[in-house]
Amino acid sequence: MTNSPAPLHQLPDADFYGFEDLLSDTEKDKLAELRRFLAEEVLPHAVDWWNEARFPTDILPKLAQLELSTPVQQGYSPLFAGLVIAEMTRADTSLATFFMVHHDLFVEALHAFGSPEQKARLLDDARALRITGAFALTEPDHGSDVAGGMSTTAVRDGDTWVLNGAKRWIGNGTFCDYMVLWAREPETGRTRGFLLDATLPGVTRTRIENKTALRTVQNADIVLTDVRVPQADLLAGVESFDDTKQLLRGSRIMVGWQAVGAQLATFDVARAYAVERTQFGQPLAAFQLVQQQLVQILGNAVASTGMLARVTELEHGGYAVPSGEDAAGGDAAPAGAASGEDAAPAGGARGDMARAALAKSYASAKMRESVAMGRSILGGNGIVTDYRMAKIFADAEAIYTYEGTYEINTLIVGRDITGVSALR
Ligand SMILES: Cc1cc2nc3c(=O)[nH]c(=O)nc-3n(C[C@H](O)[C@H](O)[C@H](O)COP(=O)(O)OP(=O)(O)OC[C@H]3O[C@@H](n4cnc5c(N)ncnc54)[C@H](O)[C@@H]3O)c2cc1C
């Protein structure tokens with residue numbers, strides 16, 4: 001009997017229940033192509049980008065060549081779309097975040113709410129990453145309560161709109177060409193969406209410095225001072241804040257997939273370390289307490305994957321009620337409404353948001369547990385980015401907070417299952 005662990009290449013993959021077996025052959029090939037790209041172009045550099053807080057714009061043409069923009073619209077399965085985000089996160093959470101902000105928020109918004117002219121002008125370039133986009137909703141004074149509290153204003157003046165206000169945390173905000181920006185008409189309270197040309201006079205973009213998570217992502221503070229936006233850049237299809245919710249529900253699920261990816265990365269790194277590192281004359285993997293943690297990380301990752309796989313299917317399988325149908329005057333959201341939530345009566349669309357919220361909150365809580373164990377398994381080396389685990393650990397905090405914090409998503413579910421809102 002020996003305590004030497006088997007070579008890593010003989011050990012099972014983190015996809016312990018074979019979710020990837022559910023993909024078509026074309027999808028499996030595409031996922032393999034993505035993995036090659038990540039192994040060659042991303043993994044060798046991701047820690048340096050993170051340490052230097054530098055976004056690698058030079059890899060965007062190669063990323064675009066994978067043609068993975070909004071996969072479901074291209075005919076891929078919802079599971080494949082989720083696994084793409086998980087796999088990107090497994091290599092680098094920041095790259096996945098860039099990708100999601102651009103494709104799942106900016107491109108999706110353009111696709112869903114753009115006029116035929118706007119789509120003809122921008123959609124092909126956006127899908128091919130010839131132009132980059134951001135999504136500007138959060139404000140310095142309104143994060144979780146932005147639905148009811150949004151203070152950025154849009155006032156119509158002839159054939160232009162005049163925008164004033166501030167946005168915070170806007171991913172890709174320092175270098176993007178356009179942002180989908182949300183503002184409120186002061187007189188009516190109606191939410192409007194704009195395809196804001198980020199170079200317009202009156203737009204100031206300042207990089208948020210000294211972050212301890214997602215350092216590669218360029219988040220910006222945006223200030224808008226009498227910015228004149230042509231009527232042609234008003235997002236034509238936006239009726240109310242409910243339309244924002246439709247987008248956020250989809251991207252909330254994709255952030256849940258990021259929590260899956262972070263756990264797969266944790267499993268990769270922690271298991272490899274446990275197998276290779278020796279203490280007391282044994283590999284760490286030979287200690288029962290270490291095995292227990294690795295098994296818990298794996299169990300958390302598999303459970304999160306199962307949950308996300310199902311909710312992604314539901315999201316694309318038609319559980320959505322058309323926007324606004326059950327949301328009495330979506331723009332009349334009370335102060336305290338949460339990250340795209342309002343006080344809509346019980347009904348389908350709210351239940352759909354609750355399902356997305358449960359997947360995101362559950363997976364991100366499990367992720368936090370998993371990354372803490374992974375970091376611990378690496379001992380002191382778990383707090384230097386050289387061994388990857390410290391970066392995975394730190395980035396998990398952003399996943400826990402954005403697209404509705406853990407608490408807000410929990411309260412969305414709580415409201416749904418009790419009929420009583422604690423969101424105030
Ligand atoms: C790295 C990163 C990237 C981001 N990218 C973008 C982006 O691209 N575009 C964009 O628009 N936004 C973006 N955000 C903003 C993000 O969505 C917000 O940070 C998030 O919604 C929380 O808002 P807040 O940070 O203002 O926290 P707050 O709303 O101030 O909340 C602080 C704490 O209070 C808790 N809390 C608040 N209200 C309640 C309540 N009613 N009950 C219980 N607890 C409550 C929260 O859960 C949290 O723990 C990003 C954020 C980060 C960190």
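Remember, it's a predicted structure, so these values are computed and weren't measured experimentally. In listed order, ligands and their atoms are each counted from 1.
Contact annotation: for Leu411 versus ligand 1, heavy atoms closer than 4.0 Å belong to the side chain alone. Residue Asn219 touches ligand 1 through its side chain alone, judged by heavy-atom distances below 4.0 Å. Contacts of Leu137 with ligand 1, taken as heavy-atom pairs under 4.0 Å, involve both backbone and side chain.
Ligand 1 lies within reach of Arg424, whose nearest heavy atom is under 4.0 Å from it.
The contact set between ligand 1 and Thr401, taken as ligand atoms under 4.0 Å from a residue heavy atom, comprises 19 (O), 20 (C). Ligand 1 places these atoms under 4.0 Å from at least one heavy atom of Gly171: 7 (C), 8 (O). If you number the atoms of ligand 1 from 1 as listed, the ones under 4.0 Å from a heavy atom of Ile408 come out as 38 (N), 39 (C), 40 (C).
Heavy-atom proximity to atom 26 (O) of ligand 1, evaluated over Pro140, Ala134, Gly143, is greatest for Gly143. The option with the heavy atom closest to atom 7 (C) of ligand 1, from among Tyr402, Phe98, Trp169, is Trp169. Looking at Ile170, Thr138, Val180, it is Thr138 that brings a heavy atom closest to atom 16 (C) of ligand 1.
A donor atom on one side chain and an acceptor atom on the other are found under 3.5 Å apart for Arg127 and Gln73. Between the side chains of Glu397 and Thr212, no donor-acceptor pair is found at a separation under 3.5 Å.
A salt bridge does not link Asp416 to Arg355: none of the charged nitrogens lies less than 4.0 Å from a carboxylate oxygen. Ion pairing between Glu40 and Arg36 fails under the 4.0 Å rule for side-chain N and carboxylate O.
Looking at ligand 1, you'll find an N or O of Glu407 within less than 3.5 Å of one of its N or O atoms. The shortest N or O to N or O distance between Phe135 and ligand 1 is below 3.5 Å.
Summarising the geometry, atom CZ belonging to Phe194 is positioned 5.0 Å from atom CG belonging to Leu163; distances are rounded to the nearest 0.5 Å.
Residues passing the side-chain contact (heavy atoms from CB on, under 4.5 Å) test with Pro61, sequence neighbours excluded: none. For Thr418, the side-chain hydrogen bond (donor to acceptor under 3.5 Å, both in side chains) criterion is met by no residue, not counting sequence neighbours.
Among Leu43, Leu95, Asp92, the single residue meeting the side-chain contact (heavy atoms from CB on, under 4.5 Å) criterion with Leu38 is Leu95.
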